[in-house]
K.L.:
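Structure incoming, see below.
Note that the coordinates shown come from a computational prediction; the quantities given were computed from them, not determined experimentally. Labels below follow one simple rule: chain letters A, B, ... track the order of the sequence lines, proteins then strands, and each chain is numbered from 1.
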Amino acid sequence: MPELPEVETIRRLIEPELVGREIGRARVDWARSVGGEPRAFARAVRGARVRAVGRRGKFLVAPLERPGRRVDGALVVHLRMSGRLHVEAAEEDPGPYARVSCELSDGKVLHFVDVRKFGRFLFRERPEELLQHLGPEPLGEAFTLPWLRSALRGRRRALKPLLLDQGFVAGLGNIYVDETLHRARLHPLVRSDRLRAPRVAALHAAIRQVLAAAIEREGSSFDTFYRTPEGRPGSYQERFEVYGRGGKPCRRCGATIRKIVVCQRGTHLCPRCQRTPRSG
DNA sequence: AGCTACTCCTGGTAGC
DNA sequence: TGCTACCAGGAGTAGC
């Protein structure tokens, strides 16, 4: 599902399609996608100009310029499980799952397509309020090794749920947590405050390496959901070491990859590379 | 503080 | 073939 690398790929590809365009009429086919008030949403974005398309964690944030309005505000988009963004010609059919469609001043239309309806396509006068709970960007300057060491020590939580917690670090999801933990040779149930310094360094490096490599390959597509806005699948799934590889041999040691459940999430690991918490 | 369960949704698939 | 039951999955919320 779209995690940081997929969202960043979408951001890079869609930004030139949106920056400088003015939003005209907005059509909302599923009220909850815009937070429940279709008319208020349409009124808020009408006449707004897109200044940029940024990313914070798994959120896309597009600051707007709204001449004559009290506050400029921003579009805040979260794709969750199945959300996609498409910029298409007006006569193009976005299909049955288009939840929000915004006409653009260049004649095209921005469609928010979301089969499972978990995603959000919101307007916020103060977008920072929605984002303030997020932890540091794992590829940003604040995510340093000393920060991670002290943050891990300050919590007493299993690594997997902690890394999935967007308030701890922003942008990791189920796939990249599993891949990261395998790379760092850490079991998902190891308690955060029990990690020794070399393991913390391995985790810090693994998070950055996995995310950077995935962005380089335009994210991962292993089902029909994720595509770049140009319709292309990413290719990082070809590099998966554990995710979706239950029953197959670990490429590093040959042991059979196991699939277990941790906090209601499918969790993939190599029992030899990633020793259980007890055996350290 | 951290855990578990529950909710939101739908397409896909397993089982009959 | 056609039906039902169940599952995945991010994140917010509630209760313990």
Side-chain angles (χ1 to χ4, degrees), chain A residues 1-8 10 28-37 55-61 76-85 94-100 111-122 124 127 129-135 137-138 150-181 187-195 211 214 219-227 234 237 240 242-247 258-269 277:
Chain A
M1 315 297 132
E3 302 179 25
L4 190 154
E6 290 76 30
V7 177
E8 176 61 21
I10 291 165
V28 177
D29 288 303
W30 185 252
R32 298 188 73 146
S33 297
V34 295
E37 299 278 357
R55 181 189 57 74
R56 181 76 176 90
K58 301 177 201 172
F59 288 88
L60 286 167
V61 184
V76 182
V77 180
H78 198 304
L79 303 169
R80 291 282 183 99
M81 314 295 303
S82 57
R84 293 161 69 161
L85 291 174
Y97 306 117
R99 310 301 182 189
V100 187
H111 297 288
F112 175 62
V113 177
D114 187 17
V115 173
R116 293 186 184 167
K117 300 180 174 175
F118 280 6
R120 291 295 178 262
F121 191 96
L122 309 169
R124 283 292 132 110
E129 285 176 4
L130 260 182
L131 309 170
Q132 63 186 359
H133 72 285
L134 295 173
E137 284 293 319
S150 122
L152 289 170
R153 263 204 303 251
R155 308 294 293 270
R156 300 179 174 194
R157 213 174 165 191
L159 284 181
K160 171 130 184 180
L162 187 58
L163 293 175
L164 285 174
D165 183 346
Q166 302 301 295
F168 186 75
V169 184
L172 291 171
N174 205 38
I175 296 170
Y176 294 108
V177 167
D178 281 6
E179 291 300 311
T180 290
L181 289 174
H187 193 282
L189 293 175
V190 175
R191 253 176 56 172
S192 60
D193 57 329
R194 302 241 173 109
L195 284 197
L211 292 177
S220 312
S221 307
F222 53 91
D223 57 26
T224 56
F225 288 131
Y226 171 72
R227 292 291 181 278
Q237 70 279 2
F240 286 170
V242 287
Y243 189 85
R245 296 195 68 242
R258 285 180 52 198
K259 183 176 180 187
I260 62 173
V261 175
V262 176
C263 52
Q264 285 91 249
R265 292 283 143 68
T267 298
H268 313 74
L269 63 104

K.L.:
Any side-chain N or O of A:H133 below 4.0 angstrom from OP1/OP2 of C:dA11?
P.N.:
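Answer no for this pair, as no side-chain N or O of A:H133 is under 4.0 Å from OP1 or OP2.
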
K.L.:
Specify the separation, in whole Å, of atom CZ of A:R116 and atom P of B:dC9.
P.N.:
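My rounded result for the distance is 13 Å.
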
K.L.:
A:D114 CG to B:dG11 P: how many Å, rounded?
P.N.:
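Checked: the CG to P distance equals 11 Å.
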
K.L.:
Does A:E6 reach the main-chain N or O of A:E3 with its side chain, forming a donor-acceptor pair under 3.5 Å?
P.N.:
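Checked: pair present.
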
K.L.:
Calculate the interatomic distance between A:R32 atom CZ and B:dT7 atom P; express it in whole Å.
P.N.:
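These atoms are roughly 13 Å apart.
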
K.L.:
Under 4.0 Å between any heavy atoms, over every strand shown, what does A:R157 touch: base, sugar-phosphate, or nothing? Just pick one.
P.N.:
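Sugar-phosphate, no base atom in range.
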
K.L.:
When you check the phosphate oxygens OP1 and OP2 of C:dG9, does a side-chain N or O of A:Y243 lie under 4.0 Å from one of them?
P.N.:
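A:Y243 to C:dG9 OP1/OP2: side-chain N or O found under 4.0 Å.
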
K.L.:
For A:R155 and A:Q264, find the nucleotide of DNA chain B closest to each by heavy atoms; which residue's nucleotide sits nearer the 5' end?
P.N.:
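Result: A:R155.
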
K.L.:
Taking CG from A:D29 and P from B:dC9, how many angstroms apart are they, rounded to a whole number?
P.N.:
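Rounded to the whole Å, the gap is 15 Å.
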
K.L.:
Would you mind reading off the distance between A:L172 atom CG and C:dG10 atom P, rounded to a whole angstrom?
P.N.:
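Rounding to the nearest Å, CG of A:L172 and P of C:dG10 are 11 Å apart.
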
K.L.:
Rounded to whole Å, how long is the line connecting atom CZ of A:F118 with atom P of C:dA11?
P.N.:
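About 12 Å, once rounded to whole Å.
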
K.L.:
Check this for me, if you would: do A:D178 and A:K160 make a salt bridge, where the nitrogen-to-carboxylate-oxygen distance has to be below 4.0 angstrom?
P.N.:
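So A:D178 pairs with A:K160 through a salt bridge.
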
K.L.:
Should we count CZ of A:R191 as having more than 12 external heavy atoms under 6.0 Å?
P.N.:
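Check passes, neighbour count above 12.
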
K.L.:
Does B:dC8 have OP1 or OP2 sitting under 4.0 Å from an N or O in the side chain of A:K117?
P.N.:
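Checking B:dC8 against A:K117, no side-chain N or O comes under 4.0 Å of OP1 or OP2.
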
K.L.:
Determine: side-chain N/O of A:Y97 to OP1/OP2 of B:dC9, distance under 4.0 Å, yes or no.
P.N.:
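A:Y97 to B:dC9 OP1/OP2: no side-chain N or O under 4.0 Å.
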
K.L.:
From A:E179 CD over to A:R245 CZ, what is the distance, rounded to the nearest 0.5 angstrom?
P.N.:
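One gets 9.0 Å once the value is rounded to the nearest 0.5 Å.
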
K.L.:
Check every atom of C:dG10, B:dG11, B:dG2 against the side chain of A:V115 and return the nucleotide holding the closest atom.
P.N.:
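Given the options C:dG10, B:dG11, B:dG2, the side chain of A:V115 is closest to B:dG11.
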
K.L.:
Using atom CG of A:D165 as one end and atom C1' of B:dC3 as the other, report the distance to the nearest whole Å.
P.N.:
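Atom CG in A:D165 sits about 13 Å away from atom C1' in B:dC3.
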
K.L.:
Hey, is the side chain of A:R80 poking within less than 4.0 Å of OP1 or OP2 on C:dG9, counting only N and O atoms?
P.N.:
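False: A:R80 side-chain N/O out of range (4.0 Å or more) of C:dG9 OP1/OP2.
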
K.L.:
Measure the distance from CG on A:L4 to C1' on C:dG10 and round it to the nearest whole Å.
P.N.:
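Computing the A:L4:CG to C:dG10:C1' distance gives 14 Å.
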
K.L.:
Just how far is it from atom CZ of A:R120 to atom CZ of A:F59, taken to the nearest 0.5 Å?
P.N.:
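One gets 10.5 Å once the value is rounded to the nearest 0.5 Å.
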
K.L.:
Using OP1 and OP2 only, check whether a side-chain N or O of A:H78 sits under 4.0 Å from C:dG10.
P.N.:
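For C:dG10, neither OP1 nor OP2 has a side-chain N or O of A:H78 closer than 4.0 Å.
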
